Student: 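Sharing a structure, written as structure tokens. Questions coming.
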Amino acid sequence: MASLQKLRQLSAAHCVLLAVQYATESNIAALRALTALRDADLPLDLTLRILLSYLPEELEPSAYIEFLHELATGARNPGDNAAASLDIASVAELSVSRAKKRRKALDLLPIAHPHHTQHATDDELDTFSHFLIHRAHRIDAQTGLLDLIPQLLVPFLGHTEYLRTWFISTVLPLLRLNYEYYPQTASGSLSDFASLKGKTAIDYQLSQARNISGADAHNVARDLKGVVAPWMCGANERKRRKLSSDGRRASIAQDQPQEPDDWDCLFQWILHTSKDNFSLAAIAFREWDGPEDMDLGGYEEGRDYVDDEQQRQLEMKYAQTALACLYLADSADTATLQTAHSLLSRICDLMNNDPPPDLNAGVDALPSYNLRNPLLRDSTISLLQEQRLLEPNNAITKPSEDTVQLIQLMLFSAYTLSSLEHPTSIREVAKMSLRDDRPEQLSLLQKILYKLGSSRKEDERWINARQKLLWLWNWGTQSHDDDRHAQGIFGMLESSTVETEILKALIESSHYPLAVQTYIKSSTAQPLTSREVEQVVLTSAMNHYDNASNGNRTRGGMKRAAEIIAAFSPHFPQSSRFQRMQALLSATHAMSFYSLILEHGVPFQPVNIRVSSNPLSLVRKLLSQNGGSYTKLDDLISIGQNLVVSKPATIMEDEDETPLDASAVGRRKAAAERRVIGMAIDAALAEDDFETAYSYVVNRLTPSTPAATPSATSQLFAFALPDVDEPEDDAEDVAWRAALRAGRYSSSTANNSWTQSAARPDLRRLEQRMELLSQALILAPTSHLEEVLSVWQQCEAETTALLAEETAAEERFNDAADRKLPGTFVNETIAIQPRREVGRGATEEAPLGLFDVARGAAAAFSKSAFPLRGSAQAASNTTLKDNNMSSSRASLDFSDSGSMNEDRVRKRDMVASAATGALATGTGALASGLGWMLGAKPVHEQERE
């Protein structure tokens, strides 16, 4: 009782000092008694400030919870033994003035924490609530014992809704991060955590979950429920606080962009995370049911912190974020696509849509495009920008049945591309669909088909691949926008383009039977027309042909080209281009057995035939670079005919579908044969092989019909340009020119053989040349007779000179024989006139008598008279006689010799008669100008005679 009496005598200052002492000593019983007995001097606000400032923070809240409860309710109770607990000795000796002085020196903390000063006068945040919040901050700041705070606050959560909300949104998330979820990681203080807002707060709360992978990745859903969702309960309070702060700085706030609210920051965090860790975002959506899925630890006691209208809006944002994450998935691996499929299933479940088909479903089960609204028509690629994906009016992410179906088509397109060995992300598929870039789509299609063709695939896999590509083209529907050919990711391509590329790939991968069955013998509608298939096949074959380095059809590109033509030609029996291609392959293969070097030392390649304006000129180069090749005339003729028939430069340009006309082909081949023979004759002459050239002219160039007229010749050679080194008029014919060139040829070997041996091939050579010239004279057009006759005159002069030499030699021989006495020649060797060879390839034999010589010469001339013998003889008997030849042979009075001389004269007379007749029927000027060369008379003089 004495202590109570003394207590009543203490001044107010003494009571405050005594309360501070009790608080410092954690003497809760004495403090409780003091505040109850002197409640007028220690009002609630002062008492709470003393407790806040001097009560040790490490003291267990359970020790003073009852006392705080009494303070909060105003029902102060000094306790059962108040007098015993009071000890006022420490302040009893202080004077009043000194006590007041010490009282003023006390540093008492304000009730409100700095973070809540703007709420100091709010009804929902009274003095006691301010004290508890401030006390919680003090405990954490001074001791770091955050786990003591629930002991302090939980008993008073019902005091005000603000206190409950603050505890749930601030203390509970931090407690879980520091003590339950990530105890091994040091976190910030309560004050720091309470000051976080917006994106910074979300990053802090989910930083640990974002850095964890594997099995622990599922913690992100737990953190969303237990950390982020509770923190969101204080969104309204933070928003109110921000508005209050902005109200004081209205001018500044007007110049700053509006910050997104906390929920928007959360959805943006999930969307951004999906770029780098798509599986983490998918787990968040699969295991977190959205804004309504909150783990508040039961402290909410049935309260809803999100109203119905806000809940509906947040659910739409939640679904839109899930759709946006799918569009932001930038990985093309199968795991990502499977994760996307599970997320799509989750979205369908949220929106009560039918679940998507299984990823491994067949082509028939793939989804089809049946959108009511053409979302892609007016959409642009800018909608795929990350900052625009969550816009409320984004056409491709705004939750609806159509947008869900659209992302489903994107997902299955990406998976289908992956199954075609071309992994592509959903985002890239979406970009392609929105870009509508035809070259890009064509390039992608070609890359896919190239990859498929480079790896051996069975027919079944190719059939399946074609079906998938067609689905990617039209997404299973025949309807499409006006500016597209189909609705799929290849929709800017025509159907024929897609089918053409597939056919090319089948051909390149050597699946010829499948290509035939699909595009030629299909029981359903033909994907391509017969003309289109033919063009693709020929283009593929020609591509291999042009890239071949060797003309042999058993190697490389030539082999592939031959295989393609062989596989498809039976199905195009009337195609002229297939026939021409076969001819080209045959010619190229035959040329591969010869050595051929073009300009600048470049070896011959098949493509050189295609780029040549006159392929036959290559035969001339072949003859010039391969010695003795002219002897393989039949092979060369076959090459030339195939080159002419194929017309290589125009195979791919010819649009004529009519088959080759047999007569036209025959004319082309005949013309080509003559040209090649002419080239072979030139080659033989160049290699000094007159006998072969003579044989080719006599046996291979003798026409069975009159020479071609200028118009016919022009038609024959309309397909081939003349050689550069041999310009010709359209009316000129190869046969007479070849005969003229051979007849003009003079071999040094033949001319010198008389001095080297006893044989006389020079005279026979002249006879052969005159025979060739007579043939040229018959075949040559009128305008070229002068050229032929000029050469003939030269040969005739040489023949006359040789015959004169022979006659002189015979006379000397006879004179020598007459001077010999009988018997004196027995032991002497007499030089006998050598026998001339009388035919091609004749060899030197033993000397014969003059009669044998004459008989052989007569036979040789008789043989060489050829087609004009009858007419020439008749003409010679009635019109012409060579007096000079007769006088030079007068000394040969033997019967056989005379016959031979007569035959020789007749032959020359025959040619002269033919020439005179040709000149007579030609122009008068030409006859009068050239007749003197043969001693012929003009026609009018002959008529007068």
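Quick note: numbers below take in every heavy atom, side chains included, and nothing from hydrogens, waters or symmetry partners. Just so we're clear, the structure is a prediction, and the values are computed from it rather than from any experiment.
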Student: Looking at side-chain heavy atoms only, is the closest gap between Glu440 and Ser443 below 4.5 Å?
Tutor: no

Student: With a 6.0 Å cut-off on ring centres, are His137 and Trp166 close enough?
Tutor: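 Aromatic pair counts; centres sit under 6.0 Å.
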
Student: Do Leu48 and Thr127 have side chains that approach each other closer than 4.5 Å (heavy atoms only, starting at C-beta)?
Tutor: yes

Student: List the atom of Leu52, the atom of Glu57, and the distance in Å for their closest heavy-atom pair.
Tutor: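 Nearest pair, atom of Leu52 first, then Glu57: O-OE2, 4.2 Å.
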
Student: Gln205 versus Phe193: any side-chain heavy-atom pair under 4.5 Å?
Tutor: yes

Student: Classify the side-chain pair Asp126/Ser129 by whether it contains a donor and acceptor separated by less than 3.5 Å.
Tutor: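 On atom types as modelled, these side chains qualify, holding a pair under 3.5 Å.
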
Student: Determine, step by step, whether Tyr318 and Trp288 satisfy the ring-ring contact (aromatic ring centres under 6.0 Å, His included) criterion, reporting the C-alpha distance in whole Å, the side-chain angles of both residues, the deciding distance to 0.1 Å, and the verdict.
Tutor: CA-CA 10 Å; Tyr318 174 78; Trp288 178 53; 5.6 Å; yes

Student: Start with the C-alpha distance between Phe278 and Leu326, add both sets of side-chain angles, then the distance that settles side-chain contact (heavy atoms from CB on, under 4.5 Å), and finish with yes or no.
Tutor: CA-CA 9 Å; Phe278 180 72; Leu326 290 172; 3.7 Å; yes

Student: Is there side-chain contact between Phe267 and Leu314, with at least one heavy-atom pair below 4.5 Å?
Tutor: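 Phe267 vs Leu314: side chains touch.
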
Student: For a quick check under 3.5 Å, do Arg49 and Tyr54 share a side-chain donor-acceptor pair by atom type?
Tutor: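 There is no such pair (donor and acceptor under 3.5 Å, judged by atom type) between the side chains of Arg49 and Tyr54.
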
Student: Are the side chains of Ile168 and Tyr305 in touch, meaning some heavy atoms are under 4.5 Å apart?
Tutor: yes

Student: Could you tell me whether Lys199 atom NZ has more than 12 heavy atoms of other residues or ligands within 6.0 Å of it?
Tutor: no

Student: Do Asp333 and Thr336 have a side chain donor and acceptor closer than 3.5 Å?
Tutor: yes

Student: Do Glu401 and Gln405 meet the criterion of a side-chain donor-acceptor pair at a distance under 3.5 Å?
Tutor: no

Student: Could you tell me which non-hydrogen atom of Trp473 sits nearest to which non-hydrogen atom of Val498, and how far apart they are?
Tutor: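 Closest approach of Trp473 to Val498, heavy atoms only: CD1-CG2, 3.8 Å.
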
Student: With under 30° as parallel and over 60° as perpendicular, where do the rings of Phe167 and Tyr299 fit, or are they tilted in between?
Tutor: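 Geometry flag for Tyr299 against Phe167: perpendicular rings.
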
Student: Testing the 3.5 Å rule here: is there a donor-acceptor pair between the side chains of Tyr182 and Asn219?
Tutor: no

Student: Just checking, is any N or O donor in the side chain of Lys398 or Thr403 under 3.5 Å from an acceptor N or O on the other one?
Tutor: no

Student: Please determine, by modelled atom types, if Ser189 and Ser191 share a side-chain donor-acceptor pair under 3.5 angstrom.
Tutor: no

Student: Would you call Leu350 and Phe285 a side-chain contact if the rule is heavy atoms closer than 4.5 Å?
Tutor: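 Contact flag for Leu350/Phe285 side chains = no.
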
Student: Minimum heavy-atom separation for Leu163 to Leu157, with atom names?
Tutor: O-CD2, 4.2 Å

Student: Is any side-chain heavy atom of His69 closer than 4.5 Å to one of Pro155?
Tutor: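 No. Closest side-chain heavy atoms not under 4.5 Å.
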
Student: What are the two closest heavy atoms between Met316 and Pro399, and how far apart are they?
Tutor: O-CG, 3.4 Å

Student: Does some side-chain heavy atom of Ile426 sit less than 4.5 Å from a side-chain heavy atom of Leu328?
Tutor: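 No; the side chains remain at least 4.5 Å from each other.
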
Student: With distance as the sole criterion, is a donor-acceptor pair present between the side chains of Glu58 and Thr143 under 3.5 Å?
Tutor: no

Student: Any donor-acceptor pair under 3.5 Å linking the side-chain atoms of Asn474 with those of Thr477?
Tutor: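 No donor-acceptor contact under 3.5 Å links the two side chains.
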
Student: Considering the options Ile448, Leu337, Leu469, which one meets the side chain to side chain contact (heavy atoms under 4.5 Å, CB included) requirement together with Leu417?
Tutor: Ile448

Student: Under 6.0 Å from the six-membered ring centre of Tyr327 and within 45° of its axis: does the NZ or CZ of Arg427 meet both?
Tutor: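 That pair does not qualify as a cation-pi contact.
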
Student: Are there over 12 heavy-atom neighbours, none belonging to Asp358, within less than 6.0 Å of that residue's CG?
Tutor: yes

Student: With a 6.0 Å cut-off on ring centres, are Tyr369 and Trp471 close enough?
Tutor: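 No: the rings miss the under 6.0 Å criterion.
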
